[in-house]
K.L.:
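Submitted below is the structure of interest, expressed as structure tokens.
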Amino acid sequence: MGRPRVLSGVQPTGALHLGNWLGAIRNWVDLQHDNDTFFCVVDLHAVTVPHQPDRLAEDTLSTAALYLACGLDPAQSTVFVQSHVKAHSELCWLLNCVTPLNWLERMIQFKEKAVKQGDNVSVGLLDYPVLMAADILLYDADLVPVGEDQKQHLELARDIAQQRINARFGSEDQPLLQVPKPLIMREGARVMSLTDGRNKMSKSDPNDNSRITLLDPPALITKKIKRAKTDPQMGLEFSNPDRPETDNLLGLYALLSGKGRTAAAAECAEMGWGTFKPLLAEAAVSALEPIQSRYNELMEDRAELENVLKQGRDRAEGVATATVDRVRKAMGFLAT
Ligand code: TYM
């Protein structure tokens, strides 16, 4: 038995935010030591809603640089761009043809995003979770480290693998595809918006003040935290359903300061907002400073970054092509 396989990805739509880091990428960095890890920049997912063609390539490179700046090591992890490995699109098509339409129509994220798109909903947006299933299943991933919001998409990937591929085209003793499990952190899996503690922090929120991006300069981080929604009560606490903003900001402090929930709750139990907010801002600035300086170094040597992505593509392609060939054969296609 080899080491467990891990795959995950982030869309290159604008700078990554604290939710992406604390909910997903932070976990990837720990996993790369004991697992066979694949991390892709999911650029094909980024075009499921209207996008800016003049930004896509730059955002893709910048997202890859942020992966490395957050601590992914190309010597330990395969880092690549989803669209560079054609097997993602091919397996997506094969999975499309066995996935019931009503499985996709009930996806919460589709419904939420479709409302925002009005009359302009693409077939790609509906198909988003099938492409995500293809990403995962191509690498026979055992574990998929994601934030809480991806749980339903992971269930779908499991159902497609089990019920629609293995049950129909595999044999009982030799399943065609590995059935993946989500890996969701206990802390950081659902970072909420700074302007509304009942909504998750999101790249698509039109209000920039709702999120802190990993590339925000210190003054902007401080300003966003100063403006973050609070309540009139003194003292910070966890898990009070009437104080979602307090729970979120205290949770961020616990993670960003590295102090943990118990120590952070004790330290801030009697604190007023005027004392707490500068503390949180300082913790956020110090946590992001090493990521930002590494990012700036990496972006100065674009040739090296592109080289990492080429090597990643070659490794990923070997694994992905073998899987798609296995599925093609089982589905009865004429060999090439
Ligand atoms: P994306 O780009 O929307 O999010 C990337 C990762 O960040 C997590 N995340 C959060 N975690 C905590 N709090 C938040 N507010 C928050 N917002 C986002 C997401 O859960 C995710 O882990 N569909 C995926 C991209 C994808 C993928 C895959 C993931 C495509 N193919 C294959 C895993 C495996 C997504 O949500 O991207």
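Counting starts at 1 for both ligands and their atoms, following the listed order. Because the structure is predicted, anything quoted here is derived from the model rather than measured.
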K.L.:
Hey, is E306 close enough to R313 for a salt bridge, meaning N to O under 4.0 Å?
P.N.:
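R313 and E306: not salt-bridged.
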K.L.:
Which residue pairs satisfy the side chain to side chain donor-acceptor pair (under 3.5 Å) criterion with at least one member in residues 35-44, sequence neighbours excluded?
P.N.:
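Qualifying pairs: R5-D36, T37-S77, D43-S83.
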K.L.:
What residues join L56 in its hydrophobic cluster, counting side-chain heavy atom gaps under 4.5 Å, either direct or through other members?
P.N.:
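L56 clusters with V47.
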K.L.:
List for me each residue that meets ring-ring contact (aromatic ring centres under 6.0 Å, His included) alongside Y128, sequence neighbours excluded, and say none if there are none.
P.N.:
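In terms of ring-ring contact (aromatic ring centres under 6.0 Å, His included), with neighbours along the sequence ignored, Y128 is linked to H45, H153.
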K.L.:
Anything under 30° is parallel, anything over 60° is perpendicular, the rest tilted; go ahead and classify F38 against F80.
P.N.:
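The rings of F38 and F80 stand perpendicular, inter-plane angle above 60°.
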K.L.:
Test your reading of the model: is there a side-chain donor-acceptor pair from R164 to the backbone of I160, 3.5 Å cut-off?
P.N.:
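No, the answer is negative, given that no donor and acceptor are paired below the 3.5 Å cut-off.
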K.L.:
Please tabulate, one line per pair, the protein N or O atoms found under 3.5 Å from any N or O atom of ligand 1, giving the distance to one decimal.
P.N.:
from, atom 1, to, atom 2, distance (Å)
ligand 1, 2 (O), Q11, N, 3.0
ligand 1, 2 (O), K203, NZ, 3.2
ligand 1, 4 (O), N20, ND2, 3.4
ligand 1, 7 (O), N20, ND2, 3.0
ligand 1, 11 (N), G19, O, 3.1
ligand 1, 13 (N), V191, N, 2.8
ligand 1, 15 (N), V191, O, 2.8
ligand 1, 15 (N), M201, O, 2.9
ligand 1, 20 (O), G147, N, 2.8
ligand 1, 20 (O), D149, OD1, 2.4
ligand 1, 22 (O), G147, N, 3.1
ligand 1, 23 (N), Y128, OH, 2.6
ligand 1, 23 (N), Q150, OE1, 3.1
ligand 1, 31 (N), D135, OD2, 2.6
ligand 1, 36 (O), Q150, NE2, 2.6

